[in-house]
Amino acid sequence: MIKPIEYEEPFDENEPFAGLDDEVDDIFIEDIDIPPKVDIIEATVDFFGAASPLVEAGKVGGRPYEPRPQQAEMALRTAEALRDNHNLCVEAPTGVGKSFAYLVPLIHYAKQSTKPVIISTETINLQEQLYHKDIPILRQIMGVEFKACLAKGRSNYLCKRRLRQSTGSRKDEFLPLTSMLPEIERVALWAEEDGEGSRSTLDFRVEPESWQCVCCEGGNCGGPKCEFFKQCFYWKARMKWEKADVIVANHALFFTDLKMKQEDDLDITLLPTYSAVVIDEAHTLERNAADYLGLRVNSGATMKTMNRLFNPESGKGLLLKSGEEALELRAMVADAKEESLKFFHYYEKFLEEQSDSVRRVKHPNVAPDLLSQPMNKLGRQLRNYIKILEDEDFKLELDAQAKRCDAIADGVNCFVSMSCPEHVYWVEEERNGLTLNAAPLNVNMLLNELLFAKTFPVILTSATLTVHHQLDYYRQRTGYGHGAELVLGTPFSDEQGILYLPGSDMPEPNHPDYNEALVESIRKLVSITHGKAFVLFTSYSALRYCAEELEPFFRRNGINLLVQGEQLTRSRMLEEFKDDIDSVLFGTDSFWTGVDVPGEALSNVIVTKFPFAVPTHPLVQARCEQIEANGRSSFMEYSLPEAVLKFRQGVGRLIRSRKDHGIIAILDRRVVSKRYGSLFVNSIPNYPQKKL
């Protein structure tokens, strides 16, 4: 699909939320006395001092408070950055308590500003933890009145107008498939009881295709003109954002908003104007920026857009109406579908030429642009058709589809002509069809311009930002500047872990006997802790081989084996792993990061192979070429540092508190056979070492 672009209805600048019901106004727009200004530095130092309210509170999140000098230092440096209006980049290892360290000075800063502050997170888990756990604690003990809210993209919210359309007499026009109706009707019952209207509060599963028919969308939102505006779930949430001191968002929303600010012809944004930004889990900054500031056109999403207009197989769609104009548009949809199939077929053959699921596009016009003109024509004709209609709801829905047609046409034209400068282009086969991708290679320059060189302070933090205890690589890749840097030590003891290194009998990963040796090593290591292990792979083929070979051993020893890619979802696998402390989890990419399993359940992390990025992936390849073109080593300046950071993320799954103990094993012989192996070992705590 095309990268999401929100189209907002213009509002009266003086009364942007006029008309929303009085109940919400009473809660969020009451007059509050402006508190006297406090010294942010003094207030922060006091909070983390000997008489900290955290100590008086007794327990924080169920745990007694433990003073940590690293946390106090991070809080002080954050307060200084906010006061002096400069940026700050902080590596804060697990256990530092970085959330409180930035929240306390940030809350004081927000209360003295006329604009809210933004916290952006990568994962839903951290977003929920901040809003539902950390912020309520601080609200109770800081002695500061402040408002905080969660910010989610509008598609997370139910649209009552679209729900009525999809369940009313014209449901055949608004629902692509009759089979969706039972789900939609269940959503309607839920909406009568739920006050938030957010998909996350659903207590039953709704298929994405069904939710897409009833969720809020920028392209067909009538704003104050909508009869449901007073009860609108999304605009109630938006009003909370406008009146909040602290907004907890996610990277998807934050970077989509940043992309919209980049567009010269779009004087609209998703987030309110903010006075400061904290980007937590900032180790993904370059990846998120490349993703959301780039281009993406998907064949499946393109076909869904046209089926939404009219699907001859189901006999449903927005153009179901009779009449000459509707029939003409149906014919245009059919033509566009045919051209779309032809267009994407060129790229299917392009992939088949190299028998690969991913292939870089190095030259323009690899395929003829058969699609942008039909989509542009369809969009124009839809707008002409809208002019003769009277039903405002219907016009909004069709106008949204017209905008999608325009976006697809623009995306296809840009991709075929390769008109975006400093971008790498590639085609990739995915579950929902073929995707045309373009990502900027100058992410560091874009971020410096769009983020770090602005007038507000930006705080970056993560547990893993440094390579060899230096931020040079991170700064180079992200364009971070205009501020200070801070690398904190771990509050945990080196004695909490043991590091196992491969013996001389362990072959290197490219040796034909490697997988067999891997199986034997995993067997020995898992026996030490009787399960309780994460086994981290870099390929599904190695994972499947080891799982098949070791399954009988695990069964005989009463160890539950959980394998990524089988029946269970990632979240369900984690739940089962935590519940059964004698289990072993075999995982690939997504289990290297963002997983928190404190306690005995995870006592063993096994790294089967260093996580070097696939060198043939177009984005990796282009980045390496860019470095080599400047006469430098892409391995030393990109591939190796990236692998070290990913390795640190994986190893960091083990020790999550001062009570945790366990073992870490590296089964990649290059850790001892290659000179760069020491870079991996030196990047983690100095655990006692053993040979396997």
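- Using a 4.0 Å cut-off between charged nitrogen and carboxylate oxygen, Glu183 and Arg205 do not count as a salt-bridge pair.
- Looking at Leu667 and Leu518, their side chains come closer than 4.5 Å, going by heavy atoms from C-beta outward.
- Of all the heavy atoms in Arg656 and Thr94, the pair that sits closest is NH1-OG1, 3.4 Å.
- Using a 4.5 Å heavy-atom threshold, the side chains of Pro491 and Arg658 count as touching.
- With Asp668 contributing its side chain and Val607 its backbone, the two residues share no donor-acceptor pair below 3.5 Å.
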Open item on the list: Run Asn560 and Phe577 through side-chain contact (heavy atoms from CB on, under 4.5 Å) and show every step you take.
Closed with: CA-CA 9 Å; Asn560 182 27; Phe577 181 83; over 6 Å; no
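- Trp211 places no side-chain N or O within 3.5 Å of a backbone atom of Asn156 that could act as its donor or acceptor partner.
- For the atom pair Tyr500 OH and Ile528 CD1, the distance stands at 4.0 Å (nearest 0.5 Å).
- Donor-acceptor pairing under 3.5 Å is lacking for the side chains of His511 and Glu508.
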TODO: Let me see the working for Thr490 and Ile655 under side-chain contact (heavy atoms from CB on, under 4.5 Å), right down to the final yes or no.
DONE: CA-CA 11 Å; Thr490 176; Ile655 306 299; over 6 Å; no
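- Distance alone, capped at 3.5 Å, places no donor-acceptor pair between the Gln564 side chain and the Phe586 backbone.
- Separation of atoms CG (Asp582) and CZ (Phe554) is listed at 12.0 Å; rounding is to 0.5 Å.
- Closest non-hydrogen pair, Ser603 versus Gly599, comes out as OG-O, 4.5 Å.
- Taking CD from Glu281 and OG from Ser120, the interatomic distance works out to 9.0 Å, rounded to the nearest 0.5 Å.
- Remark: Arg360 engages Glu625 in a salt bridge, criterion side-chain N to carboxylate O under 4.0 Å.
- Between Asp660 and Leu654 the shortest heavy-atom distance is OD2-O, 3.8 Å.
- The aromatic rings of Tyr638 and Tyr473 are tilted relative to each other, their planes meeting at an angle between 30° and 60°.
- When side chains are defined from C-beta on, Ile498 does not count as touching Ile664, because their heavy atoms never get closer than 4.5 Å.
- Taking the side chain as every heavy atom from C-beta outward, Leu562 and Val584 never approach each other to under 4.5 Å.
- In this view, Ala438 and Leu295, His423, Tyr425 satisfy the side chain to side chain contact (heavy atoms under 4.5 Å, CB included) rule, not counting sequence neighbours.
- Formation of a donor-acceptor pair under 3.5 Å by the Glu628 side chain with backbone atoms of Ser634 is found in this model.
- Under the 3.5 Å distance criterion, with hydrogens and angles disregarded, a donor-acceptor pair is assigned to the side chains of Thr435 and Asn298.
- The ring-ring contact (aromatic ring centres under 6.0 Å, His included) search around Tyr545 returns none, not counting sequence neighbours.
- Taking a cutoff of 4.0 Å between a charged side-chain nitrogen and a carboxylate oxygen, Glu352 and Lys349 do not qualify as a salt bridge.
- Without hydrogens or angle criteria, Glu91 side chain to Val487 main chain gives no donor-acceptor distance under 3.5 Å.
- Residues Glu73 and Leu488 meet the side-chain proximity criterion, which asks for heavy atoms closer than 4.5 Å.
- You'll find the side chain of Gln689 reaches within 4.5 Å of the side chain of Val681, heavy atoms only.
- Remark: Arg653 pairs with no residue by the salt bridge (charged side-chain N to carboxylate O under 4.0 Å, His left out) rule, at least two apart or across chains.
- Looking at every heavy atom in both residues, Leu465 comes nearest to Ala282 through CD2-C, 4.0 Å.
- The backbone N or O of Asp280 sits less than 3.5 Å from a side-chain atom of His251, completing a donor-acceptor pair.
- Atom NE2 of His468 has 12 or fewer heavy atoms from other residues, nucleotides or ligands within 6.0 Å.
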- [ ] Go through the steps for Met573 and Phe591 under the test side-chain contact (heavy atoms from CB on, under 4.5 Å), then give the verdict.
- [x] CA-CA 10 Å; Met573 283 179 68; Phe591 282 96; 4.2 Å; yes
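- With hydrogens and angles disregarded, no donor-acceptor distance shorter than 3.5 Å links the side chain of Arg648 to the backbone of Phe680.
- Among all heavy-atom pairs drawn from Ala148 and Ile135, the shortest one is CB-CG2, 3.9 Å.
- From Ile606, atom CD1 reaches atom CZ of Phe534 across 11.5 Å, with rounding to the nearest 0.5 Å.
- In this view, Tyr514 satisfies the ring-ring contact (aromatic ring centres under 6.0 Å, His included) rule with no residue, not counting sequence neighbours.
- Pairs passing the salt bridge (Lys or Arg N to Asp or Glu O under 4.0 Å) check and including a residue from residues 533-552, sequence neighbours excluded, read Glu551-Arg555.
- Taking the side chain as every heavy atom from C-beta outward, Gln649 and His283 approach each other to under 4.5 Å.
- The closest donor-acceptor contact from the side chain of Ser678 to the backbone of Arg675 lies under 3.5 Å.
- Checked for salt-bridge contact, Glu196 and Lys152 meet the test: a charged N lies under 4.0 Å from a carboxylate O.
- With sequence neighbours excluded, the residues forming a side chain to side chain contact (heavy atoms under 4.5 Å, CB included) with Ala542 are Asn515, Phe537, Ser539, listed by chain and number.
- No donor-acceptor distance shorter than 3.5 angstrom exists from the side chain of Asp356 to the backbone of Arg359, with no hydrogens or angles considered.
- Taking the six-membered ring for Trp, Phe612 and Phe635 have ring centres closer than 6.0 Å.
- A salt bridge is defined here as a Lys NZ or Arg NE, NH1 or NH2 lying under 4.0 Å from an Asp or Glu carboxylate O, and Lys304 with Glu209 meets this definition.
- Rounding to the nearest 0.5 Å places CD of Glu520 at 10.0 Å from CG of Leu525.
- Under the 3.5 Å distance criterion, the side-chain polar atoms of Lys532 are matched with a main-chain donor or acceptor of Thr529.
- In this structure, Arg186 forms a cation-pi arrangement with Phe204, its terminal cationic atom sitting closer than 6.0 Å to the ring centre and no more than 45° off the ring axis.
- Ion pair Glu286/Arg477 flagged as a salt bridge, since at least one NZ, NE, NH1 or NH2 atom sits closer than 4.0 Å to an Asp/Glu carboxylate oxygen.
- Checked for salt-bridge contact, Glu122 and Arg287 meet the test: a charged N lies under 4.0 Å from a carboxylate O.
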- [ ] Could you walk me through whether Val620 and Val614 pass the side-chain contact (heavy atoms from CB on, under 4.5 Å) test, one step at a time?
- [x] CA-CA 7 Å; Val620 175; Val614 179; over 6 Å; no
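- Remark: Arg296 engages Glu430 in a salt bridge, criterion side-chain N to carboxylate O under 4.0 Å.
- Put simply, CZ on Phe553 and CD1 on Ile522 are 10.5 Å apart, with the number rounded to the nearest 0.5 Å.
- Summarising the geometry of Ser210 relative to Ile184, their closest heavy-atom pair is O-CD1, 3.4 Å, with the distance given to 0.1 Å.
- Residue Glu429 places its CD atom among 12 or fewer non-hydrogen atoms of other residues, nucleotides or ligands, all under 6.0 Å distant.
- Residues Tyr102 and Met74 are in side-chain contact: their nearest non-hydrogen atoms beyond the backbone lie under 4.5 Å apart.
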